[in-house]
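Worksheet: one structure, shown below.
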Amino acid sequence: MAVRVQFEGSSEVGVFAKLTNAYCLVAIGGSANFYSVFEGELSDAIPVVYTSIAGCRIIGRLCVGNRHGLIVPNNTTDQELQHLRNSLPDSVKIQRVEERLSALGNCITCNDYVALAHPDIDRETEEILADTLKVEVFKQTVADHMLVGTYCCFNNQGGLVHPKTKIEEQDELSSLLQVPLVAGTVNRGSDVIGAGLLVNDWSAFCGFNTTSTEMSVIEGVFKLSDHHHQPFSLGSHLQAPLVDSMVS
């Protein structure tokens, strides 16, 4: 199930939150309505943790994580680190990294098995990623963009990539990740996928401007709909909302 949400009028929800199969981090200082959407969807299954990272609210762009661990930049304060350790499940390993490309959420994206990373990321960071998150790391670009975390989003069942990603590149990425990929947009045509979308294996949160067509694609490729046992067909998922938008 995909849900529309906004943070203080911004549809860039992936900037202000981080969602995995084991926990959800949300930025402090948001509205009660913003938090209630996450609590309502997730709190029965995983903890929803209110935090800042390095004194900032743009936590989704600063950290990277999955159900095995969470990696935060070196300028994360000791208090923030302790708060995260107290709030997250014991099975989640938390690690601070010394990395020049400190907006880790923009430079790295992952599911529970594989990570895509910016081609210029340090070798040491790559090793910490593999060790902490228990993933295989591939240095890649998406549609010639090095910020893979900004232009790509995937869970353990599927992924959404930049709309200008070539078919051959989609096939190559899909074989690396071992999940089907679709090129698409969020927030009414935005190609900044990572900033407009949060997803785990059973729920997704997208920006308030996301159209019904985009939501159908998201629910289909990430296999979030009630019919998740059926293979994803782009045509069938798009047909109803397209007719709906043409009639209205």
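Only this structure's heavy atoms are used, side chains among them; waters, hydrogens and symmetry mates stay out. In this chain, residues are counted from 1 in sequence order.
The shortest heavy-atom contact between Val179 and Gly159 is CG2-N, 4.4 Å. Minimum interatomic distance between Val48 and Phe38 (heavy atoms only, all atoms of both residues): CG2-O, 4.1 Å. Heavy-atom minimum distance, Pro180 versus Ser174: CA-OG, 3.8 Å. Between Arg4 and Phe208, the shortest heavy-atom contact is CD-O, 3.5 Å. The minimum heavy-atom distance linking Val114 with Asn111 is given by the pair N-OD1, 2.8 Å. The nearest pair of heavy atoms linking Asn74 to Glu98 is ND2-OE1, 3.2 Å.
Checking side-chain atoms of Thr165 against main-chain N and O of Val161 turns up no donor-acceptor pair under 3.5 Å. With Glu169 contributing its side chain and Ala143 its backbone, the two residues share a donor-acceptor pair below 3.5 Å. Looking only at distances, no side-chain donor or acceptor of Arg96 sits under 3.5 Å from a matching main-chain atom of Ile71. Using modelled atom types, no side-chain atom of Asn106 and backbone atom of Leu62 make a donor-acceptor pair closer than 3.5 Å. Listed for the Thr109 side chain is no donor-acceptor partner under 3.5 Å among the backbone atoms of Gly149. Put simply, the side chain of Asn156 gets close to the backbone of Asp112: a donor and an acceptor are under 3.5 Å apart. Distance alone, capped at 3.5 Å, places no donor-acceptor pair between the Arg61 side chain and the Ala195 backbone. Counting only distance, with no hydrogens or angles, the side chain of Thr132 and the backbone of Ile128 share a donor-acceptor pair below 3.5 Å.
Summarising the geometry, atom CD1 belonging to Ile58 is positioned 8.0 Å from atom CZ belonging to Phe16; distances are rounded to the nearest 0.5 Å. Rounding to the nearest 0.5 angstrom, the gap separating the NE2 atom in His162 from the CG atom in Asp191 is 3.5 Å. Interatomic distance, Phe154 CZ to Leu160 CG, rounded to the nearest 0.5 Å: 12.0 Å. Taken to the nearest 0.5 Å, the CD atom of Glu124 stands 11.5 Å off from the CG atom of Leu129. Atom CD of Gln6 is separated from atom CG of Asn33 by 8.5 Å, given to the nearest 0.5 angstrom. Expressed to the nearest 0.5 Å, how far CD of Glu80 lies from CG of Asn75 amounts to 8.5 Å.
In the hydrophobic cluster analysis, where Ile, Leu, Val, Met, Phe, Trp and Tyr join through side-chain heavy atoms closer than 4.5 angstrom, Leu198 is grouped together with Val49. Hydrophobic clustering of Ile, Leu, Val, Met, Phe, Trp and Tyr side chains at less than 4.5 Å, counting indirect connections, unites Val37 with Leu42. With hydrophobic clusters built from ILVMFWY side chains whose heavy atoms lie under 4.5 angstrom apart, Val15 shares a cluster with Ile59. A continuous path of ILVMFWY side-chain contacts below 4.5 Å connects Val3 to Tyr23, so both sit in one hydrophobic cluster. Linking ILVMFWY side-chain heavy atoms closer than 4.5 Å, directly or via other members, places Val186 and Tyr151 in two distinct hydrophobic clusters.
The one candidate from Ile46, Asn155, Thr20 that meets the side-chain contact (heavy atoms from CB on, under 4.5 Å) condition with Asn200 is Ile46.
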Practice task
Please test Glu219 against Ser216 for side chain to side chain donor-acceptor pair (under 3.5 Å), starting from the C-alpha separation and ending with a verdict.
Solution key: CA-CA 5 Å; Glu219 289 188 351; Ser216 288; 5.9 Å; no
Practice task
Dump the intermediate steps for side-chain contact (heavy atoms from CB on, under 4.5 Å) on Ser52 and Arg57, then the final yes or no.
Solution key: CA-CA 5 Å; Ser52 61; Arg57 297 196 296 178; 5.6 Å; no
Exercise for the section: Mind running side chain to side chain donor-acceptor pair (under 3.5 Å) on Thr185 and Glu214 for me, showing each step along the way? Expected result: CA-CA 7 Å; Thr185 58; Glu214 288 168 337; 2.7 Å; yes
Handout entry: Pair Leu181-Val221, side-chain contact (heavy atoms from CB on, under 4.5 Å): steps then yes or no
Key = CA-CA 7 Å; Leu181 296 177; Val221 73; 6.0 Å; no
Exercise for the section: Would you check, one step at a time, whether the test side chain to side chain donor-acceptor pair (under 3.5 Å) holds for Asn21 with Asn66? Expected result: CA-CA 7 Å; Asn21 287 328; Asn66 62 13; over 6 Å; no
Practice task
Show your working on side-chain contact (heavy atoms from CB on, under 4.5 Å) between Cys24 and Lys18 and close with a plain yes or no.
Solution key: CA-CA 6 Å; Cys24 176; Lys18 174 66 70 179; over 6 Å; no
Exercise for the section: Carefully, step by step, assess Leu116 and Leu177 under the rule side-chain contact (heavy atoms from CB on, under 4.5 Å). Expected result: CA-CA 9 Å; Leu116 297 182; Leu177 303 174; 3.9 Å; yes
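Ring orientation note: the planes of Phe7 and Phe34 are nearly perpendicular, at an angle over 60° on the 30°/60° scale.
Looking only at side-chain heavy atoms (C-beta outward), Leu197 and Phe222 come within less than 4.5 Å of each other. Side-chain contact check for Val199 versus Ile218: every heavy-atom pair is 4.5 Å or farther apart. Within the 4.5 Å cutoff, side-chain heavy atoms of Asp120 are placed close to those of Arg100. Between Asn209 and Ser190 the shortest side-chain heavy-atom distance does not fall below 4.5 Å. Using a 4.5 Å cut-off on side-chain heavy atoms (C-beta onward), Lys139 and His118 make no contact. Leu84 is listed as a side-chain neighbour of Leu25, based on a closest heavy-atom distance under 4.5 Å. Side chains of Glu126 and Asp122 form no contact here, defined as non-hydrogen atoms less than 4.5 Å apart. Taking the side chain as every heavy atom from C-beta outward, Val97 and Leu104 approach each other to under 4.5 Å.
Heavy atoms from other residues, nucleotides or ligands lying under 6.0 Å from CD of Glu39 number more than 12. Counting heavy-atom neighbours within 6.0 Å of Tyr50 OH, excluding the residue itself, gives a total above 12. Other residues, nucleotides and ligands contribute over 12 non-hydrogen atoms within 6.0 Å of the CD atom of Glu127. With a 6.0 Å radius and a threshold of 12 heavy atoms from other residues, nucleotides or ligands, Arg188 has its CZ atom at or below the threshold. Heavy-atom contacts from other residues, nucleotides or ligands closer than 6.0 Å to NZ of Lys166 number 12 or fewer.
No hydrogens or angles considered: nothing links the side chains of Glu8 and Ser31 as a donor-acceptor pair under 3.5 Å. Gln82 and Asn86 share a donor-acceptor pair across their side chains, judged by distance under 3.5 Å alone. Glu99 and Ser102 share no donor-acceptor pair across their side chains, judged by distance under 3.5 Å alone.
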